[in-house]
Engineer: 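Before I ask anything, here is the structure I am working with.
Being a predicted model, the structure only gives us computed values, none of them experimental.
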Amino acid sequence: MNILVINCGSSSLKYQLIDMNGEDVLAKGLVERIGIEGSVIKHDTAGKDRVVIKEPMKDHKRALELVLEAIVDEEHGAIKSMDEIGAVGHRVVHGGEEFADSVIIDEAVMEAIDRCIELAPLHNPPNIMGIEACRELMPETPMVAVFDTAFHQSIPAENYIYPLPYEFYEKYKVRRYGFHGTSHKYVSLRAAEILGKDIKDLNIVTCHLGNGSSITAVQGGESIDTSMGFTPLEGLAMGTRSGDIDPAIIPFIMNKEDMNFDDVNELLNKKSGVLGISGVSSDFRDLEVAAEEGNERAKLALDVFCNRVTKYIAAYSAQMCSVDAVVFTAGIGENSASIRERVCDGLECLNIIIDKELNNVRGKEAIVSKALGAVKILVIPTNEELMIARDTLNLVNNR
Ligand code: ADP
């Protein structure tokens, strides 16, 4: 079966068409600037040249129409007709407490996703637009929603309840949800496969280090704690997000700088993290270059980032009593040997010992720990699209 995977942002749409027989990507692409001037699709079909389609796209429905045309196009398409798309898998950011797993989309599911808008006001609405556009254009094709939060619904209450008055949880569902769940699930399953072990027997710390970063403790295949919280702002220092800070800093700064809630939200989400510390960039490639050239604040930003990652790995190892594997994934985790090395330098006391030679890899699967270290360290490129497609196939086959 061919499965179309859709990931909609407010003005963007990423897609992949995957043939599940061999899990081969037949076509993939990115639509940008939906609803604004300069809309463009960059479409790649396996074995063919890239096609760039520039046409006005007033909404996600028009964008998707053009994507589907590109996919079935006689010349640069991947399949002959839309009938060859067996199902569509949609990435949905927030499933709240409503969804602990992926689901076939029906009216009740749409209503539940709608109820979660309050928890993800920037993310769920474009996800819903993508689903609605697909349902209009492909009314007979089954659709599945795969949630970023679902994998973390196994987290026990002692790890998801904040030390705030309990009524905020009851009234407003203020609790830890966690994000990047599809990625943490994919890399933990893949780690078990690579190690030739049953995931039920493994304690794994998965480190998704990208623009946004999060770390998860995966015990026996289930998330038992994760660093992002009620929103993706908590936890590690990120490109532009602060991660954990003393909450009392917020009223202090608001008072000193005469800021309102929108200002402070913008400050913590867009102007903080390694960008805020360094004043150089949110991109780790730029920071590594600047640090090498002697920029002290870039160096400090990298130190803060790495120390936080080290701390979370150690904390989650302790929480699971022991750890069998540490996995690095996403832009930084997959590509930056130096950050992996610095993170692990602080963890030798836990038998997490990196091999500098083996660690010299970028963007491909590898075991990079020293043979004598009890804990395996792995680099595993994440593949959220494939995870979404697999969930979609499973649900559609078992209807
Ligand atoms: P997103 O969270 O947007 O999916 P990615 O997982 O693609 O992000 O990660 C993007 C980040 O990865 C970039 O901002 C950059 O900091 C980092 N990155 C990519 N390649 C490298 C590299 N070779 N060295 C260091 N950092 C890198």
Engineer: Please determine if Asp44 and Arg50 form a salt bridge, counting it only when a charged side-chain N lies under 4.0 Å from a carboxylate O.
Structural biologist: yes
Engineer: Step through the shown structure and confirm whether more than 12 heavy atoms of other residues, nucleotides or ligands are within 6.0 Å of CD on Glu357.
Structural biologist: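 Check fails, neighbour count at 12 or below.
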Engineer: Among the clusters formed by ILVMFWY side chains lying less than 4.5 Å apart, do Met320 and Val326 turn up in the same one?
Structural biologist: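 Cluster IDs for Met320 and Val326 match.
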Engineer: Taking atom types as modelled and ignoring hydrogens, do the side chains of Ser39 and Glu32 form a donor-acceptor contact shorter than 3.5 angstrom?
Structural biologist: no
Engineer: Quick check, are the ring centers of Tyr162 and Phe168 under 6.0 angstrom apart?
Structural biologist: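 For Tyr162 and Phe168, the ring centres are not under 6.0 Å apart.
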Engineer: When you check the side-chain N and O atoms of Asp244 and Tyr312, is any donor under 3.5 Å from an acceptor?
Structural biologist: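 A donor-acceptor contact under 3.5 Å links the two side chains.
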Engineer: Restricting to non-hydrogen atoms, name the atom on Tyr160 and the atom on Ile155 that form the minimum distance, rounded to 0.1 Å.
Structural biologist: CD2-O, 3.2 Å
Engineer: Are the charged groups of Asp303 and Arg342 less than 4.0 angstrom apart, N to O?
Structural biologist: yes
Engineer: Any Lys/Arg nitrogen of Glu132 or Arg135 sitting under 4.0 Å from an Asp/Glu carboxylate oxygen of the other?
Structural biologist: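 Judged by the 4.0 Å cut-off on N to carboxylate O distance, Glu132 and Arg135 do not form a salt bridge.
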Engineer: Run the side-chain hydrogen bond (donor to acceptor under 3.5 Å, both in side chains) test on Thr216 and Thr226 for me, step by step, so that the C-alpha distance in whole Å, both residues' side-chain angles and the decisive distance to 0.1 Å come before the verdict.
Structural biologist: CA-CA 4 Å; Thr216 297; Thr226 192; 2.8 Å; yes
Engineer: Taking 4.0 angstrom as the limit, do Arg91 and Asp148 come out as a salt bridge?
Structural biologist: yes
Engineer: Does a side-chain N-to-carboxylate-O contact under 4.0 Å join Glu74 and Lys80?
Structural biologist: no
Engineer: Are Lys299 and Glu292 within salt-bridge range, i.e. N to O under 4.0 Å?
Structural biologist: no
Engineer: Verify the distance criterion only: is there a donor paired with an acceptor across the side chains of Glu118 and Asn124 at less than 3.5 Å?
Structural biologist: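 No, no side-chain donor-acceptor pair sits under 3.5 Å.
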Engineer: Honestly curious: do Val103 and Leu4 fall in one hydrophobic cluster under the side-chain, below-4.5 Å linking rule?
Structural biologist: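 Per the 4.5 Å side-chain linkage, Val103 and Leu4 are co-clustered.
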Engineer: What I want to find out is whether Asp198 reaches Lys200 closely enough, with some N-O distance under 4.0 Å, to be called a salt bridge.
Structural biologist: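 Salt bridge: no.
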Engineer: Quick one about Glu234 and Tyr177 (side-chain donor to acceptor, distance below 3.5 Å, no hydrogens or angles considered), yes or no?
Structural biologist: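 Side-chain D/A pair, Tyr177 to Glu234: absent.
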Engineer: So, applying side-chain hydrogen bond (donor to acceptor under 3.5 Å, both in side chains) with Ser223, which one of His152, Lys185, His184 is it?
Structural biologist: His152
Engineer: Got a salt bridge between Glu334 and Arg362, using NZ or NE/NH1/NH2 to carboxylate O under 4.0 Å?
Structural biologist: no
Engineer: Do Ile367 and Tyr186 share a hydrophobic cluster (ILVMFWY, side-chain heavy atoms under 4.5 Å, transitive)?
Structural biologist: yes
Engineer: Give a yes or no on whether the ring-centroid distance for His208 and Phe328 is below 6.0 angstrom.
Structural biologist: no
Engineer: Verify the cluster assignment for Val146 and Ile85: are they in a single hydrophobic cluster under the rule of side-chain heavy atoms below 4.5 Å apart?
Structural biologist: no
Engineer: With a 3.5 Å cut-off and no angle check, do the side chains of Thr45 and His76 form a donor-acceptor pair?
Structural biologist: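 His76 and Thr45 do not have a side-chain donor-acceptor pair below 3.5 Å.
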Engineer: Hey, are Lys48 and Glu75 close enough for a salt bridge, meaning a charged N less than 4.0 Å from a carboxylate O?
Structural biologist: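 Not counted as a salt bridge, because no side-chain N and carboxylate O are separated by less than 4.0 Å.
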